[in-house]
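Below: one structure, written as structure tokens.
No hydrogens, no waters, no symmetry mates; every other heavy atom, side chains included, goes into these values. All chains are named by letter (A, B, ...) in the order of the sequence lines, taking the proteins before the strands, and each is independently numbered beginning at 1.
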Amino acid sequence: AETLRFSHTDNPGGSRQAAAELFAEKVAEYTDGRYEVQIFPSGQLANDPKAIELLQLGGIDFTVSATGSYATHLPTLNLTAMPFLVDTYEQGWELYDNSDWLQGEFDKLPEKGFRVLSTWEAGFRSFTTNEPLASPEDAQSMKMRVFPNDMIRWSMEAIGFQTVVMPITDVYLSIQQGIVNGQENPVDTINSLRFYEVAPNITLTRHVYSPLPLTIAEKTWQSFSDEDKEAVRKAAAESAAFSRNLVKSSVDSQLSQMTEDGAKVSVPEIGPFREAVQPVYAKAKDVYGEEAVNNILSDAAAIRDALPAQN
Amino acid sequence: MILIFVVAVFLTTVFLGVPLVWAILITAVLPIIVFDLGYPLQALFLNFIGGVEPNHFLAIPLFIVAGEMMSRGGVGLRIIGFARAAFGFMAGGLGMVVVGASMIFGGISGSAIADSAAIGSVMIKNMSREGYNTAFAAGLVAAAGTIGIIIPPSIPMLIYGFVGNVSVADLFLGGMVPGILFGAMFMAVCYYVGKTSKCDPGGRTTSLKELRSSFIGTAPALFMPVLILGGIFTGWVTPTEAAALAVVYGLFVTTVVYRDFKLRDLPRLLVDSFVTSAVVMVVIGATTVLGWLITLEQMPQILVGFVQEFSSGPWMFLLLVNIVLLILGLVLDPVPAILLTAPLFLPTAKAFGVDPVHLGVIMTCNVAVGLFTPPVGATLYVASRISGVGVLTIARNMAHLYLAAIAALLAVTYIPFVSMGMVHLFR
Amino acid sequence: MTVDYRDHYPAVLRWLSHLVDFGLMLGGFSIVTLVFCNAWLRGFAGFDLAWSLEVTSFLLLWSTFTGCAAAVARGAHMRVTEIVERLMPFAAQRLLSIAIDVIIAVLLISLIYTGYNISVHTWAQKTTVLYWPVGLLYASMPVGMALTLIFHLFNMVFDIRNPVVPHGTHSDGGEALL
Ligand code: NA
Ligand code: NA
């Protein structure tokens, strides 16, 4: 069997690792053992940006990473990080699977050296802070760690935080030492990187839907026969369905586990946050162009209408 | 097979006198060609860049600059003078100051390399001026600096907590007593060396008045660690920023207060410090390249396989964990060593009833020791580069320190209370 | 054999070495200033320079790889020479050192070549705050290695022409900072 290398930054026991194991199993099954997928978790081989560069340079064959990580290669992908585009998982899945605009963007990636196979789940981004965060007023006195990304930084500044750009590996210690008051990430990440230990106030704003496109090196893809392409695509789709159900269904148990460990979980009134981030859309139009922003906003609005939240 | 080849190539090139950075890169490239592994060189060498990139490495050149400034001006001499006055009554007092400073520093920084750079650039030269064997002084700095990753905060413990799903808070608690134990053992070595080699025999008496005047003269210099510690504890600055703060404060003290450093010497000092730091950093970058190959070829897994096969009980398992990590520590840096082995050791540890926190502390202490064992050891390199003494010469003069470290390691491994006492107290 | 080769360089090479040192000085100065100012601003002015992380990683990469070249010019890279000097006759040592120098030159050429390719491949990729080409950061490696190669080749020729008589007092690590 030919060995294909899959690198990701989730830890053993995390949802990405579980989906990667399923993906590896399915690839072996559907290609009749012609390919074996070897998984390297925990960023053993590379952090997220380096993994994507390794896709281009031929060091690995697959990776799965937040959409924002791919945006350094295609800046318009940053638009998916605009706040409050979708409100439910079902809307998010529809956006990533069927939005004309997003599919068009994904189609530009093969010329960069990699392509999207399917989209795995990570969930919605929310806050953990060392002081309670009930409204944008509370944000005024807080320093918020953001990952290096325009859209997230603009949103945080619009809410009222002072932002501090910082790599993910420094965040735990920085919260502990009081350099920042908190950070924002999906519940899955908050749980696996244990941010609730130092910033126990978990505020479920769900301000950005932040899933994980699974990508393959274009060179590897082109080396497949049509039959194997189909097999890998099928394995990718099944692992995506698995990942989506797993993450969606484990959020509650993760939250209750963290509560048991001392975290305080709250759902704030979302209105004021939604209100506060309005200027971000205009700023996005300035930087990324009116047309692109209007396209994704209208796709998202149509999806929200077609699949209204049921609660 | 490849594992043996890698070790052989590495030892051959290093001992034939190939500069370390190239020796490590050759060791990473040769197996790919010889065994036709098919890894593209551009992917391999991307890690050379990636290994140098992490932002917290900024602390290395910055602390070297700060330390050099303090030691070129008279600040280092003043600190040594004060330490002499305060601890001269005790054999090995000056060495103990190095260990104590490393422990305090370890309490604020999670990186052993930064600690060694900060303390080594002030202390090594001055210790040898005071009669210490330079190689021993460098070795002491290399060993004591690693207490920084045992006493919390600790980057390797953080990584272990993430990959092993273990509470980082508990790990940090668990590291406290072992860190103090390592410090105490190293201090005992200082006492012994000071006494037997007559370089620092103790018995000096200092009147209170003398001590006071020495303190007043040194106060502006002694304020530097206070500023660094305070800046970090109050959440004002990150450890990296504290290094820059130290540079600016050091410049102020040496040029304005003591007036023994001239601004026109600053460019030369910056260049020399950045060359020193580059020499260490490219070696770190090169070990990242080798680490990539070791990961891809799953070499640690082979070693762990042996451990699982030969572990007949917890006692044997922990012994083998120590041995494997010390072997890996010969060629790997702490973070990759933990990343690669922790997920594999944990299930076996749980099966034998070993607490995951205890295992994490054991592993951290092991990789800490790996930092000052040749041929690959980051703090050893820092100390070697700063002192100008070769890695092997330093290592030869560290025999007592190695013995002390192994004694502390055994205590941490086989007396769970050492690491778990604090955890049970606060959990 | 720690030799500060810069003393023996012809004018052009000496000039190049000064240029590298000047770059290091400038880079070092900028790093100190930038990190210090950012801490100051965050603490007292209430804002963080979002671009400082990117600029400092840029400076750190460039100063490290050009610093590598500066270290070669100073003969300052860490190595273990004790064993060869004790166990090998002097003539054999010289042959060995030439062989090693050739291997290092080959390694450097492959680093330059692949580094160039890496840089080209990542040029279209933009950093997240300043939108600089990522390839510009990564170009530090091939450029630094190219400078290293230039110094290395001269050092090699110098060593072939001027056999250094081993002496007892030298260090096998880098030279001490003076
Ligand atoms: Na520490
Ligand atoms: Na070692």
(request) Verify the neighbour count for atom OH of C:Y113: are there more than 12 heavy atoms of other residues, nucleotides or ligands below 6.0 Å? (result) no
(request) Check each atom of B:P54 against the heavy atoms of chain C and say whether the ones under 4.5 Å are side chain, backbone, both or neither. (result) backbone
(request) Under 4.5 Å heavy-atom distance to chain B, tell me which part of C:L26 shows up: side chain, backbone, both or neither. (result) neither
(message) For C:V55 and C:L59: C-alpha separation, side-chain torsions, deciding distance, then whether side chain to side chain contact (heavy atoms under 4.5 Å, CB included) applies.
(response) CA-CA 6 Å; C:V55 176; C:L59 291 171; 4.0 Å; yes
(request) Answer with side chain, backbone, both or neither: which region of C:S119 has an atom nearer than 4.5 Å to a non-hydrogen atom of chain B? (result) neither
(request) Determine the option with the most heavy-atom pairs under 4.5 angstrom with chain B, choosing from C:T33, C:I83, C:L137. (result) C:I83
(request) Can you tell which part of C:L53 gets under 4.5 Å to a heavy atom of chain B, answering side chain, backbone, both or neither? (result) both
(request) Starting at OG1 of B:T287, measure out to CG of B:L25 and round the result to the nearest 0.5 Å. (result) 9.5 Å
(request) Tell me, for B:V283 versus chain C, whether the close heavy atoms (under 4.5 Å) come from the side chain, the backbone, both or neither. (result) side chain
(request) May I ask you to decide if the ring planes of C:F44 and C:W40 are parallel, tilted or perpendicular, using 30° and 60° as cut-offs? (result) tilted
(message) I want to know whether B:F48 and C:F65 have ring centres closer than 6.0 Å.
(response) yes
(request) Report the distance from atom CE of B:M69 to atom OG1 of B:T254, rounding to the nearest 0.5 Å. (result) 6.0 Å
(message) Is C:L108 in contact with chain B via its backbone, its side chain, both, or neither, using a 4.5 Å heavy-atom distance?
(response) side chain
(message) Measuring from atom CE of C:M156 to atom CD1 of C:I100, what distance do you get when rounded to the nearest 0.5 angstrom?
(response) 11.5 Å
(message) Can you list the residues of residues 132-140 of chain B that sit under 4.5 Å from chain C, counting heavy atoms only?
(response) none
(request) Could you tell me whether the side chain of C:I98 reaches within less than 4.5 Å of the side chain of C:D159, counting heavy atoms only? (result) no
(request) Grab the two heavy atoms, one from C:R79 and one from B:P19, that are nearest each other, plus how far apart they are. (result) CB-CA, 3.6 Å
(message) Please classify the contact between B:L41 and chain C as side chain, backbone, both or neither, with a heavy-atom cut-off of under 4.5 Å.
(response) both
(request) Verify the neighbour count for atom OH of C:Y131: are there more than 12 heavy atoms of other residues, nucleotides or ligands below 6.0 Å? (result) yes
(request) Determine the option with the most heavy-atom pairs under 4.5 angstrom with chain B, choosing from C:V20, C:L111, C:V106. (result) C:L111
(message) Within the structure provided, determine whether C:L130 and C:F58 are in side-chain contact (heavy-atom separation under 4.5 Å).
(response) no
(request) Could you look at C:F29 and say if it's the side chain, the backbone, both or neither that has a heavy atom under 4.5 Å from chain B? (result) both
(request) Can you label the angle between the C:Y9 ring and the C:F151 ring as parallel, tilted or perpendicular, going by 30° and 60°? (result) parallel
(request) Check each atom of B:V247 against the heavy atoms of chain C and say whether the ones under 4.5 Å are side chain, backbone, both or neither. (result) side chain
(message) Heavy-atom pairs under 4.5 Å with chain B - which of C:L24, C:V32, C:T66 has more of them than the others?
(response) C:V32
(request) Please determine, among C:T122, C:V72, C:L107, the option with the most heavy-atom pairs under 4.5 Å with chain B. (result) C:L107
(request) Look at atom OH of C:Y116 and say whether more than 12 heavy atoms of other residues, nucleotides or ligands are closer to it than 6.0 Å. (result) no
(message) For B:V248, which atoms come within 4.5 Å of any heavy atom of chain C: side chain, backbone, both, or neither?
(response) side chain
(message) Among C:C68, C:A70, C:G27, which residue has the highest count of heavy-atom pairs closer than 4.5 Å to chain B?
(response) C:C68
(request) Below 4.5 Å from any heavy atom of chain C, which atoms of B:P267 appear? Answer side chain, backbone, both or neither. (result) both
(message) Counting only heavy atoms not in C:W123 (residues, nucleotides, ligands), do more than 12 fall under 6.0 Å from its CH2?
(response) yes
